[in-house]
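Have a look at the structure below, then the notes.
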Amino acid sequence: SELRRRAKTRSAITLDAGLPSLSRQLRAGGLPMGARVVVAGPPGQGKTTLALHFAETAAAAGWLVVWIAYDEPADRITARRLQRLGVAPLDAAAIPLEEAERLSGIEILDAPGPPYETIAELAAEEADGRPVMLVVDSVQKLRTRAGADKAERERIDAAIDAVQECQVRFPAIVVMTSEIARGTNATKGSGGIDYGATLALRVKRSGTTLAVQITKNRDGSEEPFALEVDADRQMLREPGAKGASVHRSEARAAELWLRIQGALPARSGRELVRKVGGKTDAIHACLPAHVASGESVKSCDGYALARGAE
């Protein structure tokens, strides 16, 4: 039947996780449609950075990605996303928020917003056939109709149930960050968070290394692995993969610069360079080759400057 064919097609959709150390442990070679990924760890240990990696990977593959921001405001998440494209934090702050969100490729919803059930339905409508990823940062604060007016544990359990029920109606990969209980390796508030996950990860950062432990994997093995952390660009890499990642980031930065110029036509070339390009090595390096057509480039105090735009 048509229903069976569509269900089979959806279940066959897989997202490359962008991390070979993880993908090789997943039977499908990536995150399958319907996966529920929990990224847990202490504060400041890389939970959001890893979730952002999954979100960026999905967005680059053409997925609709919706980030539900409870722990960090939308503008901060957008700035971190732009860092991954090669834009320094101070430079990202010079870009109007609406345009920055469009450039980031991820739709970010500030909390409090609609309940999760509404967001899942609206995302499915907006996707118009594209696969969907929803990111919840963090699950302890997720607002659902089912969990309204309940105590913490019951509210969290109701939220996990709502996520699973919505995936039946509106297929999606859902990535959830989670706090852990102090002095333990257990998720804070309810064991139902891990129970409802198809893939549960624990992260702990030490210097420039992010250690990742797989505590549950319904779709494969559970071997721990480590990633390199580039704090300046908010990026995670497989050990030894630094060169390739930098190349991709600079290419995206070049495209970003052209789009920034188009988005801010009223500002002078000098102002744009000072506020947007001056502190960003990736954009600075590609300015001479990628400045808008018809404009020549000269050097001014170590920065690239578009002549005639002053």
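Residues take their numbers from the sequence shown, with the count starting at 1.
In this structure, His53 contributes its side chain and Ala17 its backbone to a donor-acceptor pair below 3.5 Å. A donor-acceptor pair under 3.5 Å is formed between the side chain of Asp110 and the backbone N or O of Ala74. Between the side chain of Arg145 and the backbone N or O of Glu117, no donor-acceptor pair lies under 3.5 Å. Side-chain atoms of Glu222 come within 3.5 Å of backbone atoms of Asn217 as a donor-acceptor pair (strictly under, hydrogens ignored). When atom types are taken as modelled, the side chain of Gln167 and the backbone of Ala172 share a donor-acceptor pair closer than 3.5 angstrom. Between the side chain of Gln140 and the backbone N or O of Glu179, at least one donor-acceptor pair lies under 3.5 Å. Looking at Tyr70, its side chain does come within 3.5 Å of a backbone N or O of Arg143 through a donor-acceptor pair. Formation of a donor-acceptor pair under 3.5 Å by the Lys216 side chain with backbone atoms of Ala200 is not found in this model. Side-chain atoms of Arg27 never come within 3.5 Å of backbone atoms of Gly29 as a donor-acceptor pair (strictly under, hydrogens ignored). In this structure a side-chain-to-backbone donor-acceptor pair under 3.5 Å is missing from Lys188 to Arg182.
Among all heavy-atom pairs drawn from Glu72 and Ala69, the shortest one is O-CB, 3.1 Å.
Contact annotation: the side chain of Leu134 never approaches that of Val163 to less than 4.5 Å [non-hydrogen atoms, C-beta and beyond]. Between Val229 and Leu236, the closest side-chain pair of non-hydrogen atoms falls below 4.5 Å. A 4.5 Å side-chain heavy-atom check between Leu199 and Asp219 finds every atom pair outside the cut-off. Between Ile119 and Val66, the closest side-chain pair of non-hydrogen atoms falls below 4.5 Å. Met176 is listed as a side-chain neighbour of Ile160, based on a closest heavy-atom distance under 4.5 Å. The closest side-chain heavy-atom distance from Pro171 to Val132 is not below 4.5 Å.
Linking ILVMFWY side-chain heavy atoms closer than 4.5 Å, directly or via other members, places Val135 and Val174 in two distinct hydrophobic clusters. Cluster membership for Trp63 and Leu50, using ILVMFWY side-chain heavy atoms within less than 4.5 angstrom, is shared. Criterion: ILVMFWY side-chain heavy atoms under 4.5 Å apart, direct or through other members. Under it, Ile214 and Val203 are part of a common hydrophobic cluster. The hydrophobic clustering, which links ILVMFWY residues whose side-chain heavy atoms are closer than 4.5 Å, places Leu210 and Val38 apart.
Atom CH2 of Trp67 sits about 7.5 Å away from atom CD1 of Ile108, to the nearest 0.5 Å. Atom CG of Asp149 is separated from atom CD of Glu154 by 12.5 Å, given to the nearest 0.5 angstrom. With rounding to the nearest 0.5 Å, the separation of OG in Ser221 from CZ in Arg24 is 7.0 Å. The structure places CG of Leu19 at 9.0 Å from CG of Leu31, a figure rounded to the nearest 0.5 Å. For the atom pair CG of Leu142 and CG of Asp137, the computed distance is 11.0 Å after rounding to the nearest 0.5 Å. One finds the OG1 atom of Thr209 at 13.0 Å from the NZ atom of Lys204 (value rounded to the nearest 0.5 Å).
Looking at Ile173, Leu64, Thr57 one by one, the single match for side-chain contact (heavy atoms from CB on, under 4.5 Å) with Met133 turns out to be Ile173.
Using modelled atom types and a 3.5 Å distance limit, the side chains of Arg80 and Thr49 yield a donor-acceptor pair.
Looking at residues two or more places apart in sequence or on another chain, you find a side-chain contact (heavy atoms from CB on, under 4.5 Å) between Pro20 and Glu238. When the side-chain hydrogen bond (donor to acceptor under 3.5 Å, both in side chains) test is applied to Thr198, no partner is found at least two apart in sequence or on another chain.
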